[in-house]
Amino acid sequence: MRLRVVGSGEGKGGSAMPHFDAIVIGSGFGGLYALHHLRDALGLSVRVFDGAGGVGGTWWHNRYPGARVDAPSTPFYAYTFSKALVDGWDWPETQASQKTVLAYLEYVADRLDLRKDIQFNTWITDARYDEAAQHWTVETHAGETASAQFLICATGALFVANRPNIPGINDFTGEVYHTGRWPHEPVSFEGKNVAVIGTGSSGMQAIPEIAKTAKHLTVFQRTPQFALPARNRPLPKAELDAFRANWEDHRGSMIHRGGSPFPTTKLRARDATAEERQARYEEMWAEGGMQLLINSYRGVLTKEALNEEVSEFVRGKIRETVKDPETARKLLPDYFIGTKRMILDNGYFETYNRPNVSLVDLREEPIETFTATSIRTSAADYPIDMLVLATGFDAVSGSMLALNPKGRDGVSLKEKWAERFETYLGTAISDFPNLFMVHGPGSPGVFFTMPLGGECTVNWIGRCISHLRSARLGAIEATPESETLWDEEIQGIAAGTLYPRTNSWYLGANIPGKPRQFLGHLNGSTYFKRLTEVADQGFEGFRTEAASGPRG
Ligand code: NA7
C-alpha cells in the first residue's frame, strides 16, 4: 500500500487516508466477500465503508419482526467458498431468521478477520473518478477522503427504502417505521392500533408477528400477493452434515441450476391428466418452499395456461384458509404466480382469521389522506397509533443512484441512468472506469442465490483486476456498444417469460417515474459461463488504458 495523500478532503477540513488498491462500499454478503477475496487471495490493500454500525448490509437494516430469508434457505443461503466456514456454522432451521443470518455474517467477519479493514458508521457522500490519476476518490459524511484504483460497489439490491408520498403522511403524529430501516431498540405493539401498508415479503412476514400483540392490526393492501408455505422446520444435524460432506458438488450444482439448490422437474403438464396435475400440485404444496413453482411441471413461468392453473390452485388454498369469504376474496391475487417475488408464508393468511386483524383493499377504497391520528380512505377513517410501512425498496438500481458516483467528465450516474439502466454484464458501466458493481442492474442478482452469485461475481472482478495488474494497465471500462447489446440480451430473455406482463419491482414498476426495464438476468448459469468467456477472450466488450503512472 502506498501512502498517497488525497487532496480534495483537505480544503473542506476533512482528513485524507492512505491510497488503497480497492475501496468497497457495503459490508453485506457481497462486500464482505469482496474484502476477503481481494485482500486475502489477491493481496490488495482494501478499505470497506459502511454506513451501518456493523456487518450485514440488508440483514443489518431489515430487522423487523418475522424477518427471514425468503428463498430456499439454509444451508444454501450462505457462503460456499470455504469448507472451514461451512463446517463451522450450524444452521438451526431450514428458513433462517434475520437474527441467524446476521449472527452468521458476524461469525464470518470474525473467522476471516475482516473487521479491521471495515470502517462502520461511515456513509460515502461522494465518489469521483480522476481520469489523470486513474483512480476513485470517495468522501465520507465526516469529510474524510480516501482514494483507490478500484471502486467495488456492494451497495445492495434492496437497500433504498421506498417511502410512499401519500398526502398528509408527514402530518401523522404516531410512531412510524419502515421494515427496511427497522430500529435496533425493541418496538412494542402491545395495546396499539397498528396499520401496515404493503403485503410483499416484508409485510407478509411482519403481519403475523405484529398481530400477536397489537390491539388491532389493519392491513392496507394494494395488490394481493401469492405465497407458498415455507414449511420452516428445525434442520437436523444429519441433513446439515450430508450437505457438508458434498458441499463442493452442491456448490457446482447450484451454479449450473441458475442458483437454485434444487433440481427443476422435467415433467410436462401436457403428459398428465387434470386430476394427476392437481395431485402433483398438492404434493408440491405439501413439500413447501418454492417446489410448486419450480418442480410441479416445466414452464410455470413461461406458459400462460399452466401458470393460470397453478395460480388458481393457490387461490383455492387461500379460499380454504381464510374463513371470512369477503376477506378471502380481497386476498386473491390476479397476476401470473411467480412474476412478482415469490413469497414464503409462515401463517400470513391464517392471521386474517384473528378477531384483531382486518384488511382494507386499496383498490376498492384508496387512501385519500393521513390525519394526525388516522388513515382516511375514500370509504372510512381508520384511527391508528402506529404506522408500519412495508412498502419495499427502490430495488436493484436505487443504492447505486443514492451513491451517485461521478465518472468521466464529472458525469453523474443519475445523468447516465436518467432514462435507462445501462450496464455491461450488470457489473460495469461505460464512462465509469474501474468501477464494479456486485448485483447491479443486468446481473442475475435477486434471481440467483445471492451469496453464491456475489462470490462468483467478485471472483470475476478479481480476475479482471489481476489482468489489469499483470498487463500494466491503468483502467478498464465497458464500451457503450457492449451495454446496448447486453440490454438487448437481458430484455430478450425476460420477453420469453411471463415476468414482463406483471407490474413488479423487477421492472421498476413500484417507484413512480422509474425507467421501465427488466432489471435482472434470468439465466444465472448462462450468465456465469458468459463472464468466464468474456475474461477468457481478454475482457471482450471492454476497453483498457495503459497505466498513467507506476502502480504499487
Ligand atoms: P415489496 O415486495 O416491493 O412489497 C412492497 C409492498 O408495498 C407491496 O405490497 C406494494 O404493493 C406495497 N406498496 C408500495 N407502495 C405502496 C403505496 N404507495 N401504497 C400502498 N401500497 C404500496 O417489498 P418487500 O420489502 O416486501 O420485499 C422486497 C424484497 O425484500 C423481497 O422480494 C425479498 O426479496 C426481500 P404493490 O404490489 O406494488 O401494488
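Both counts, for ligands and for their atoms, begin at 1 and track the order of listing. Below, all heavy atoms of this structure are taken into account, side chains as well, without hydrogens, waters or symmetry copies. When a residue number appears, it is its place in the shown sequence, counting from 1. Keep in mind that this is a model prediction, so the values were computed, not measured.
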*asked:* Among Phe447, Phe421, Trp505, which residue satisfies the ring-ring contact (aromatic ring centres under 6.0 Å, His included) criterion with Phe518?
replied: Phe447
Atoms of ligand 1, numbered as shown, that sit under 4.0 Å from any heavy atom of [X]:
| X | answer |
| --- | --- |
| Leu362 | 20 (C) |
| Leu158 | 29 (C), 30 (O), 34 (O), 35 (C) |
| Pro164 | 18 (N) |

*Establish, yes or no, whether a centroid distance under 6.0 Å links the rings of Phe448 and Tyr527.*
no
Name the closest protein heavy atom to [atom], giving the residue it belongs to and the distance to 0.1 Å.
| atom | answer |
| --- | --- |
| atom 9 (O) of ligand 1 | Thr199 N, 2.9 Å |
| atom 33 (C) of ligand 1 | Asp70 OD2, 2.9 Å |
| atom 4 (O) of ligand 1 | Gly200 CA, 3.5 Å |
| atom 3 (O) of ligand 1 | Trp505 CD1, 3.2 Å |

*asked:* If the contact criterion is a heavy-atom separation under 4.0 Å, does Gln225 count as touching ligand 1?
replied: yes
Just to be sure I'm reading this right: ignoring hydrogens, which of [options] gets closest to [atom]? Compare them by their nearest heavy atoms.
| atom | options | value |
| --- | --- | --- |
| atom 5 (C) of ligand 1 | Ala390, Pro366, Ser202, Pro333 | Ala390 |
| atom 17 (C) of ligand 1 | Arg222, Lys340, Arg341 | Arg222 |
| atom 12 (C) of ligand 1 | Pro512, Gly392, Gly198 | Gly198 |

*Cation-pi between Arg251 and Trp247: NZ/CZ under 6.0 Å from ring centre and within 45° of the ring axis?*
no
*Compute both the distance and the angle, then confirm whether Arg181 meets the cation-pi test with Phe159: under 6.0 Å from the six-membered ring centre, within 45 degrees of the axis.*
yes
*Verify salt bridge (Lys or Arg N to Asp or Glu O under 4.0 Å) between Arg363 and Asp334, making sure each step is shown before the conclusion.*
CA-CA 13 Å; Arg363 295 184 189 179; Asp334 58 1; 3.0 Å; yes
_Does either side chain, that of Asn62 or that of Thr58, offer a donor lying less than 3.5 Å from an acceptor on the other one?_
no
*Between Asn162 and ligand 1, find which residue part has any heavy-atom pair under 4.0 Å and reply side chain, backbone, both or neither.*
side chain
